[in-house]
Amino acid sequence: MRPITKRKYETIADDLRARIIDGRLPPGARFPTLAEIQEDYGVAEGTAFRAAKMLFDEGLTDTRPGAATRVRGRPEVIRLVRAWYLDPPSGSPWHAEMAAQGRVGAFEAHSETAGAPPAIAERLSIATGDSVVRTAYKYTADAKPTFTATSWEPLGLTGTTAAQTPEGGPFGGWGIIRRLAEVGITVTRAVEEIVPRTLTGPEAETLGLRAGIAIIVIERTHYAGDKPVETADMVIPPPYRPRYEIPVETVAEEEMGVE
């Protein structure tokens, strides 16, 4: 196998990125100018520009007209804790989780009937084009956009019941576990996959960010036994990040035979 040779601007970007990550360039610090990068690394202006642009596109630096480029602040934390999967006694899991963190959580949602695209049909074990209820969400914390989510449920799952749409009817705003339980469907597990990609134009417009920056997508699917009953994409951009807190005491006690 031939060795991978990095371009000069990629090597410079690697070095500058490391300086941001390890704190040598702390949050709020002035980022080196193009002239300084040229001098420090002995490269042309075009090479310096491409290195700096890489870090800007990754969301590590912030540039404003008439001001110096600076290192972005440390990311806030969106906690996707175990309670995210356990519906609260009333209301939505998002509202409950934000309240537990001392924040005000809110979201906008819009549901429509659509045909399942191939990737979603595969995740739901249905045929491409089968009818699904597609719900688009925009979540905020303290009135600031945090992330978006899109959920798909097979239309035939809930039929014409009061639980047909996630945010409508008497169960609107409930988590999927409690809502589906109302129509006799028991959700038994949730599976997530973390997928890195870049932010699309429409997503960037919704979140007030730049298209093309690095993000992660959490592809989550709920199951009733072996049957997928809902799948969703949660788009998590900078400056936010998910953090999972999973209690292990119960597991440890079970392993030791503690009752």
Side-chain angles (χ1 to χ4, degrees), residues 1-81 84 97-98 100-103 105 139-148 192-201 203-219 234-246 248:
M1 181 180 296
R2 296 177 61 184
I4 298 175
T5 303
K6 286 189 176 182
R7 297 176 180 177
K8 185 64 176 178
Y9 73 88
E10 293 175 322
T11 301
I12 296 171
D14 284 346
D15 184 59
L16 293 171
R17 187 186 299 108
R19 291 164 62 185
I20 292 173
I21 291 172
D22 68 18
R24 283 176 288 166
L25 283 173
R30 185 181 66 81
F31 188 74
T33 65
L34 294 184
E36 289 170 339
I37 295 174
Q38 287 179 256
E39 181 177 352
D40 291 345
Y41 295 95
V43 295
E45 182 179 3
T47 301
F49 173 79
R50 295 186 73 176
K53 186 176 184 300
M54 280 190 71
L55 302 186
F56 177 79
D57 289 343
E58 292 172 10
L60 294 176
T61 63
D62 188 25
T63 300
R64 291 183 175 86
T69 297
R70 296 194 176 275
V71 177
R72 279 188 180 272
R74 296 295 185 196
E76 295 183 62
V77 175
I78 297 176
R79 297 191 314 175
L80 301 184
V81 299
W84 179 263
E97 180 54 38
M98 288 297 96
Q101 297 181 40
R103 306 173 75 176
Y139 289 87
T140 60
D142 297 333
K144 297 179 181 179
T146 55
F147 69 99
T148 65
E192 291 189 348
E193 293 187 33
I194 308 300
V195 181
R197 66 167 171 84
T198 55
L199 197 66
T200 68
E203 291 167 345
E205 184 176 354
T206 298
L207 293 168
L209 297 171
R210 303 184 306 278
I213 65 174
I215 61 168
I216 61 171
V217 178
I218 301 175
E219 295 183 355
M234 292 181 279
V235 176
I236 314 291
Y240 300 96
R241 62 186 180 188
R243 183 176 71 192
Y244 293 86
E245 297 179 5
I246 304 172
V248 298

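Basis for what follows: all heavy atoms, side chains included, without hydrogens, waters or symmetry-related copies. Note that the coordinates shown come from a computational prediction; the quantities given were computed from them, not determined experimentally.
Here the CD1-CG distance, from Ile236 to Leu199, works out to 11.5 Å after rounding to the nearest 0.5 Å. Expressed to the nearest 0.5 Å, how far CZ of Arg72 lies from CG of Leu55 amounts to 12.0 Å. Considering CD1 of Ile37 and CG of Leu34, their distance stands at 5.5 Å, rounded to 0.5 Å. Rounding to the nearest 0.5 angstrom, the gap separating the CD1 atom in Ile194 from the CE atom in Met234 is 7.5 Å. Note that CZ of Phe56 and OG1 of Thr61 are 6.5 Å apart. Values are rounded to the nearest 0.5 Å. Atom CZ in Arg103 sits 7.5 Å away from atom OG1 in Thr146 (nearest 0.5 Å).
Of the possible donor and acceptor atoms, one in the side chain of Arg70 sits under 3.5 Å from a partner among the backbone N and O of Gly28. No donor-acceptor pair closer than 3.5 Å links the side chain of Thr63 to the backbone N or O of Thr69.
Salt bridge annotation for Asp22-Arg24: present, with a cationic side-chain nitrogen under 4.0 angstrom from a carboxylate oxygen.
Minimum interatomic distance between Tyr41 and Lys8 (heavy atoms only, all atoms of both residues): O-CE, 4.1 Å. Heavy-atom minimum distance, Arg17 versus Leu60: CG-CD1, 3.7 Å. Considering every non-hydrogen atom in both Ala13 and Ala51, the closest pair reads CB-O, 3.9 Å. When all heavy atoms of Val71 and Pro26 are compared, the pair lying nearest together is CB-O, 3.5 Å.
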request  = Could you give me the CA-CA distance, side-chain angles and deciding distance for Phe147 and Ile218, then say whether side-chain contact (heavy atoms from CB on, under 4.5 Å) is met?
outcome  = CA-CA 11 Å; Phe147 69 99; Ile218 301 175; over 6 Å; no
request  = Run the numbers on Ile215 and Leu209 for side-chain contact (heavy atoms from CB on, under 4.5 Å), then give the verdict.
outcome  = CA-CA 11 Å; Ile215 61 168; Leu209 297 171; over 6 Å; no
task = Applying side-chain contact (heavy atoms from CB on, under 4.5 Å), run through Met98 and Thr140 and close with a yes or a no.
result = CA-CA 10 Å; Met98 288 297 96; Thr140 60; over 6 Å; no
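Considering only residues two or more places apart in sequence or on other chains, Glu39 meets the side-chain contact (heavy atoms from CB on, under 4.5 Å) condition with none of them.
The shortest side-chain heavy-atom distance between Ile20 and Phe31 falls under the 4.5 Å cut-off. Under the 4.5 Å side-chain criterion, counting only non-hydrogen atoms from C-beta, Tyr9 is in contact with Thr47.
Sparse packing is recorded around CD of Glu45, with 12 or fewer heavy atoms of other residues, nucleotides or ligands lying under 6.0 Å away.
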